[in-house]
Number of protein chains: 2
Amino acid sequence: MINLLSNLKIAVSENIYLKDPESSDLGKRIVEYGILLIDEIGFDSFTFKKLGAKIDSNESSIYRYFESKHKLLVYLTSWYWAWIEYQLVFATQNLPDEEQKLKKAIDIVTRVVKQDSTFSHINEVALNRIIINESSKSYLTTDVDAENKEGYFKVYKRLVSRISQMILNVNPDFKYPSSLASTITEGALHQHFLKDHFKSITDCNDSVSPSEFFVELTLNAIR
Amino acid sequence: MINLLSNLKIAVSENIYLKDPESSDLGKRIVEYGILLIDEIGFDSFTFKKLGAKIDSNESSIYRYFESKHKLLVYLTSWYWAWIEYQLVFATQNLPDEEQKLKKAIDIVTRVVKQDSTFSHINEVALNRIIINESSKSYLTTDVDAENKEGYFKVYKRLVSRISQMILNVNPDFKYPSSLASTITEGALHQHFLKDHFKSITDCNDSVSPSEFFVELTLNAIR
DNA sequence: CAAAAATAATAGTATTACTATCAATATTGC
DNA sequence: GCAATATTGATAGTAATACTATTATTTTTG
């Protein structure tokens with residue numbers, strides 16, 4: 001993602017925030033240091049008060065952007081998946097072969113994230129760690145269904161649907177394209193977690209990547 | 001699991017609790033109604049105070065069994081996976097064919113749970129819902145590594161290792177037995193969640209089960 | 001039946017996740 | 001350049017959480 005895209009903005013659904021954090025300097029700092037602080041101390045210990053201290057601002061000011069820390073997490077995950085979706089669409093659009101497209105798509109959702117200088121206030125590497133460690137907390141709640149209706153998880157579902165469609169493009173008769181796509185997307189996060197914490201139940205490590213595993217799994221499954 | 005096993009006890013690592021909840025009436029009530037209350041209001045809203053009110057006991061008494069609600073969750077997930085492991089070992093031991101064994105094992109970790117009358121104070125159906133909705137919160141914490149060293153996740157890892165070994169028994173050359181086993185185990189929980197909340201990104205529903213999907217995925221992957 | 005163990009009751013603490021109010025500062029529109 | 005408006009900051013307050021500590025009461029058991 002080089003400079004030609006420098007005025008690109010990742011679109012996050014408006015009802016997730018009270019005030020668009022992209023619209024002001026304070027908003028951007030909330031997102032920038034919010035990512036760093038959650039990465040540092042974990043989402044459970046993270047509070048708006050601590051974030052306020054970190055950015056020399058006031059707790060009450062942060063509440064004007066996000067109703068709760070939960071909403072901030074939903075915002076960050078939406079941003080992340082929209083960013084991944086953008087890379088996926090961009091990287092696959094001119095590939096001639098459907099299987100190649102699918103392989104590329106799997107690579108993009110499962111690979112280790114590298115810093116993207118297009119969005120200067122977002123540390124994508126730290127954000128990726130947050131997605132691995134915390135993103136499931138954004139939907140494992142009692143009000144998933146209500147929030148889902150409000151469109152909070154739209155981007156994520158759209159990304160999975162795109163991969164599902166790519167699977168069908170390779171094999172229109174495959175019976176489980178959506179389940180396979182969601183297994184790849186969530187499973188990759190899980191494999192990254194396992195290689196960091198529960199090494200004995202994964203084969204992924206410095207030389208075997210989750211990408212390799214999921215590409216092989218997928219191609220064998222749908223052929 | 002019929003009556004011949006009526007004095008069976010599921011073994012949960014001793015350092016998870018302060019006092020064995022199986023050792024007293026109050027302990028069993030804590031587990032029994034803890035499951036029901038977490039299932040009812042969700043783990044995030046669950047407190048020992050509320051549980052105390054439900055079982056007509058005191059908050060402070062519950063703290064003598066479990067240091068925190070987090071430890072109770074770790075206990076419940078350990079109990080659950082030990083129970084699944086027991087079913088898996090029991091159901092596969094006399095099968096002659098390795099592929100049949102593996103299919104049976106996958107069925108057991110991915111299927112919808114039915115009530116098991118062997119453990120009268122445990123509602124396995126409610127516990128299964130807790131595993132689907134809350135179990136990842138037991139390890140997505142800042143102290144996973146410390147707790148892992150203490151053996152909190154031993155049962156879970158042993159179960160995944162068993163499945164991994166069964167995969168190898170079918171195909172000793174398969175390169176990713178552990179990753180596949182962990183993907184099946186965690187992926188099944190995820191598919192159950194999706195069919196309840198994000199239907200559009202799964203193919204699982206009343207007629208297509210996660211078991212069917214994962215059996216087919218696995219056999220295609222390792223053949 | 002006494003001693004020990006388990007449970008209950010009460011109180012207390014620091015922190016969390018906010019809301020409300022008012023003051024200070026910055027921005028903009030004319 | 002200044003008034004109106006919007007934004008941010010400061011302070012205070014609240015109910016609930018996640019505990020710990022202490023003491024009283026009840027139950028168990030040797």
Side-chain angles (χ1 to χ4, degrees), chain A residues 14-34 37-38 40-76 121 134 137-138 140-143 146-147, chain B residues 14-34 37-38 40-76 121 134 137-138 140-143 146-147:
Chain A
E14 291 185 15
N15 51 356
I16 294 173
Y17 48 75
L18 295 170
K19 186 181 167 175
D20 186 357
E22 291 291 323
S23 71
S24 75
D25 187 64
L26 178 62
K28 282 180 198 147
R29 287 162 56 74
I30 290 171
V31 170
E32 174 171 9
Y33 290 94
L37 189 54
I38 293 172
E40 192 186 329
I41 65 176
F43 183 69
D44 298 335
S45 304
F46 172 86
T47 69
F48 281 176
K49 197 170 191 180
K50 290 175 188 171
L51 178 56
K54 187 147 188 154
I55 63 179
D56 261 310
S57 177
N58 202 275
E59 200 189 356
S60 60
S61 303
I62 301 170
Y63 274 105
R64 284 198 197 89
Y65 286 83
F66 295 101
E67 246 173 75
S68 62
K69 70 170 184 169
H70 171 248
K71 293 270 175 106
L72 173 59
L73 182 61
V74 173
Y75 178 89
L76 294 178
H121 64 299
E134 320 284 3
K137 296 171 190 169
S138 73
L140 296 177
T141 64
T142 41
D143 24 63
E147 296 192 339
Chain B
E14 290 184 15
N15 50 356
I16 293 174
Y17 47 74
L18 296 170
K19 186 182 169 176
D20 186 357
E22 291 291 322
S23 71
S24 75
D25 186 64
L26 178 62
K28 283 181 197 146
R29 287 162 55 75
I30 289 171
V31 171
E32 173 171 9
Y33 290 94
L37 189 54
I38 293 172
E40 191 186 329
I41 64 176
F43 183 69
D44 297 334
S45 303
F46 171 86
T47 70
F48 281 175
K49 197 169 191 183
K50 290 175 188 170
L51 178 56
K54 187 147 189 155
I55 63 178
D56 260 311
S57 176
N58 202 278
E59 200 189 356
S60 61
S61 304
I62 301 170
Y63 274 105
R64 281 200 201 84
Y65 285 84
F66 294 101
E67 246 173 73
S68 61
K69 68 171 184 169
H70 171 249
K71 293 268 175 108
L72 173 58
L73 182 61
V74 172
Y75 178 88
L76 293 179
H121 65 297
E134 321 283 3
K137 296 171 189 169
S138 73
L140 296 177
T141 64
T142 42
D143 23 62
E147 296 193 340

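Bear in mind the structure is a predicted one, so any value in this text is a computation, not a measurement. Chain identifiers are assigned alphabetically (A, B, ...) following the order of the sequence lines, protein sequences preceding nucleic acid strands; residue numbering begins at 1 within each chain. Just the heavy atoms: all of them, side chains too, but no hydrogens, waters or symmetry mates, feed the values below.
The residue Phe66(B) sits apart from the nucleic acid: no heavy atom pair falls under 4.0 Å.
You'll find the side chain of Leu76(B) reaches within 4.5 Å of the side chain of Ile38(B), heavy atoms only. Between Pro21(A) and Ile30(A) the shortest side-chain heavy-atom distance does not fall below 4.5 Å. When side chains are defined from C-beta on, Thr142(A) does not count as touching Ile41(B), because their heavy atoms never get closer than 4.5 Å. Side-chain contact between Tyr65(B) and Leu18(B) is absent, with no heavy-atom pair separated by less than 4.5 Å.
Applying the salt bridge (Lys or Arg N to Asp or Glu O under 4.0 Å) definition to pairs two or more places apart or across chains, those involving residues 41-66 of chain B are Glu40(B)-Lys54(B), Asp44(B)-Lys137(B). Counting only residues at least two apart or in different chains, salt bridge (Lys or Arg N to Asp or Glu O under 4.0 Å) contacts with residues 19-29 of chain B comprise Lys9(B)-Asp20(B).
Each of Gly27(B) and Tyr63(A) lies near DNA chain C, and the nucleotide nearest Gly27(B) is the one positioned closer to the 5' end.
Once rounded to the nearest 0.5 Å, the distance linking CG of Leu51(A) with CZ of Phe46(A) reads 4.5 Å. Of the inter-residue distances, the one linking Ile62(A) atom CD1 with Ile55(A) atom CD1 reads 4.5 Å to the nearest 0.5 angstrom. From Leu26(B), atom CG reaches atom OG of Ser61(B) across 6.0 Å, with rounding to the nearest 0.5 Å.
Residues meeting the side-chain contact (heavy atoms from CB on, under 4.5 Å) test with Ser68(B), sequence neighbours left out: His70(B), Lys71(B).
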Before giving the answer on side chain to side chain contact (heavy atoms under 4.5 Å, CB included), spell out for Tyr17(B) and Leu72(B) the whole-Å C-alpha distance, their side-chain angles and the decisive distance to 0.1 Å.
CA-CA 8 Å; Tyr17(B) 47 74; Leu72(B) 173 58; over 6 Å; no
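Residue His70(B) contributes atom NE2, which lies 19 Å from atom P of dT17(D) at whole-angstrom precision. The separation between Leu26(A) atom CG and dA26(C) atom C1' is 13 Å, rounded to whole Å. The separation between Arg64(B) atom CZ and dA21(D) atom P is 12 Å, rounded to whole Å. Between Tyr65(A) atom OH and dT7(D) atom P the separation is 8 Å, expressed in whole Å. Distance Lys69(B) NZ to dT20(D) C1': 18 Å, rounded to the nearest Å.
Within residues 18-25 of chain B, the residues that place at least one heavy atom under 4.0 Å from DNA chain C are, in residue-number order, Lys19(B), Ser24(B). Contacts between residues 45-62 of chain B and DNA chain D, defined by a heavy-atom separation under 4.0 Å, are made by Phe46(B), Thr47(B), Lys50(B), Glu59(B), Ser60(B).
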Go ahead and write out DNA chain C as dot-bracket, 5' to 3': ( ) for pairs within the strand, [ ] for ones crossing earlier pairs, | when the partner sits on another strand, dots for unpaired; Watson-Crick or G-U wobble, both distances under 3.5 Å.
||||||||||||||||||||||||||||||
